[in-house]
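This report refers to the structure that appears directly beneath it.
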Amino acid sequence: MSKATSYDQDFLLWTQQQAEYLKKGYWAELDVEHLVEELEALGRSEQKELGSYLQVLLMHLLKCQYQPERRTKSWDNTLSNCRDQIQDCLEDTPSLQCFLQDSVWIQKYYRRACRDAAKETQKSVENFPAECPFIIEQILDPSFLA
């Protein structure tokens, strides 16, 4: 077994070594502190990915609702792609579903979507409802605002 590489020295090599230690059962060699840190970060990353797709989807739903005359095929493609990506996230990580039932979590991404929609539509953010006007079933429904 080669000398252990530190987490801060070469992250990729560190991950490969940690995986090898796990496979071989070299429990004493594991960098448990950093492994825990990385596993927690991985979970947060999955959640942020879902939130990012939700934010873009909400922004486009707002644009479609508040500027329907400017709707393009590109907007429709973005709606479809975001819905597909959200579905993929949920299929890969079913436990993410709980976030889509959390109104506080959705509101966080809705506020960001309002900010972005205001920039793109050149409207004031106050033109959009303060609370998300869509329920999750509408947001994810491919026929909603189609």
Side-chain angles (χ1 to χ4, degrees), residues 4-25 27 30-146:
T5 300
S6 83
Y7 176 83
D8 297 321
Q9 258 181 325
D10 185 335
F11 181 74
L12 177 60
L13 182 58
W14 175 85
T15 61
Q16 292 170 335
Q17 285 178 334
Q18 295 303 302
E20 194 62 28
Y21 295 158
L22 284 167
K23 286 178 196 171
K24 292 182 177 179
W27 313 121
L30 291 172
D31 181 353
V32 175
E33 179 183 346
H34 286 115
L35 280 171
V36 168
E37 187 179 306
E38 289 304 317
L39 285 172
E40 290 171 344
L42 183 59
R44 286 189 303 273
S45 174
E46 296 283 320
Q47 182 184 340
K48 287 178 184 179
E49 179 182 13
L50 177 65
S52 177
Y53 290 124
L54 179 65
Q55 181 178 331
V56 173
L57 177 55
L58 288 169
M59 177 188 66
H60 279 76
L61 289 173
L62 288 169
K63 287 171 29 176
C64 289
Q65 195 169 44
Y66 286 85
Q67 281 191 333
E69 71 282 359
R70 297 190 66 197
R71 189 169 180 166
T72 65
K73 288 183 181 186
S74 174
W75 290 10
D76 292 338
N77 287 337
T78 299
L79 289 169
S80 294
N81 290 338
C82 285
R83 285 177 170 136
D84 289 346
Q85 292 299 326
I86 288 171
Q87 187 61 42
D88 289 347
C89 287
L90 296 175
E91 287 172 6
D92 292 344
T93 312
S95 61
L96 288 171
Q97 184 69 44
C98 69
F99 293 102
L100 296 180
Q101 305 308 318
D102 181 346
S103 60
V104 173
W105 190 84
I106 289 177
Q107 190 62 25
K108 169 184 171 179
Y109 290 98
Y110 174 72
R111 281 191 307 272
R112 294 174 182 180
C114 285
R115 176 202 61 209
D116 295 345
K119 288 178 189 174
E120 288 205 14
T121 61
Q122 298 179 339
K123 293 181 180 286
S124 169
V125 75
E126 287 78 28
N127 286 22
F128 305 108
E131 299 291 319
C132 184
F134 316 115
I135 60 172
I136 195 61
E137 291 78 12
Q138 292 172 318
I139 294 168
L140 299 178
D141 182 357
S143 64
F144 179 66
L145 288 181

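Put simply, CG on L57 and CG on L62 are 9.5 Å apart, with the number rounded to the nearest 0.5 Å. Note that OG1 of T78 and CZ of R83 are 11.5 Å apart. Values are rounded to the nearest 0.5 Å. Distance check, rounded to the nearest 0.5 Å: CG of L61 to CG of L79 gives 5.5 Å. Atom-to-atom distance recorded for Q55:CD and D116:CG is 5.0 Å, nearest 0.5 angstrom. Taking OG1 of T72 as the start and CD of Q67 as the end, the distance is 11.0 Å to the nearest 0.5 Å.
Contacts classified as ring-ring contact (aromatic ring centres under 6.0 Å, His included) and involving residues 119-140 (residues at least two apart or in different chains) are given here: Y66-F128, F134-F144. Under the side-chain hydrogen bond (donor to acceptor under 3.5 Å, both in side chains) criterion, the residue pairs touching residues 123-146 are S124-E126, D141-S143, with sequence neighbours excluded. The side-chain hydrogen bond (donor to acceptor under 3.5 Å, both in side chains) analysis of residues 40-49, with sequence neighbours excluded, yields the pairs E46-T93.
The shortest non-hydrogen separation linking A113 to L58 is CB-CB, 3.6 Å.
With sequence neighbours excluded, the residues forming a side chain to side chain contact (heavy atoms under 4.5 Å, CB included) with K23 are E20, listed by chain and number. For R71, the salt bridge (charged side-chain N to carboxylate O under 4.0 Å, His left out) criterion is met by D76, not counting sequence neighbours. Judged as a salt bridge (charged side-chain N to carboxylate O under 4.0 Å, His left out), and not counting sequence neighbours, the contacts of E120 are K63. Every side chain to side chain contact (heavy atoms under 4.5 Å, CB included) that E91 has, sequence neighbours left out, goes to Q87, D88. Remark: F11 engages Y7, W14 in a ring-ring contact (aromatic ring centres under 6.0 Å, His included) (not counting sequence neighbours). By the side chain to side chain contact (heavy atoms under 4.5 Å, CB included) test, L12 is found to be paired with D10, T15, Q16, residues two or more places apart in sequence or in another chain being considered.
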Donor-acceptor pairs under 3.5 Å, side chain of residues 102-112 to any protein atom, not counting sequence neighbours: which ones?
residue : atom : partner : partner atom : Å
D102    : OD1  : V104    : N            : 3.0
D102    : OD1  : W105    : N            : 3.3
Q107    : OE1  : C132    : N            : 3.2
Q107    : NE2  : A130    : O            : 2.7
Y110    : OH   : P129    : O            : 2.7

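Counting heavy-atom neighbours within 6.0 Å of R115 CZ, excluding the residue itself, gives a total above 12. Around the CD atom of Q122, the shell of radius 6.0 Å holds no more than 12 heavy atoms that belong to other residues, nucleotides or ligands.
Using a distance-only test at 3.5 Å, with no hydrogens or angles considered, no donor-acceptor pair links the side chain of Q85 to the main chain of Y53.
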Item to complete: Carefully, step by step, assess L90 and L100 under the rule side chain to side chain contact (heavy atoms under 4.5 Å, CB included).
Response: CA-CA 10 Å; L90 296 175; L100 296 180; 3.7 Å; yes
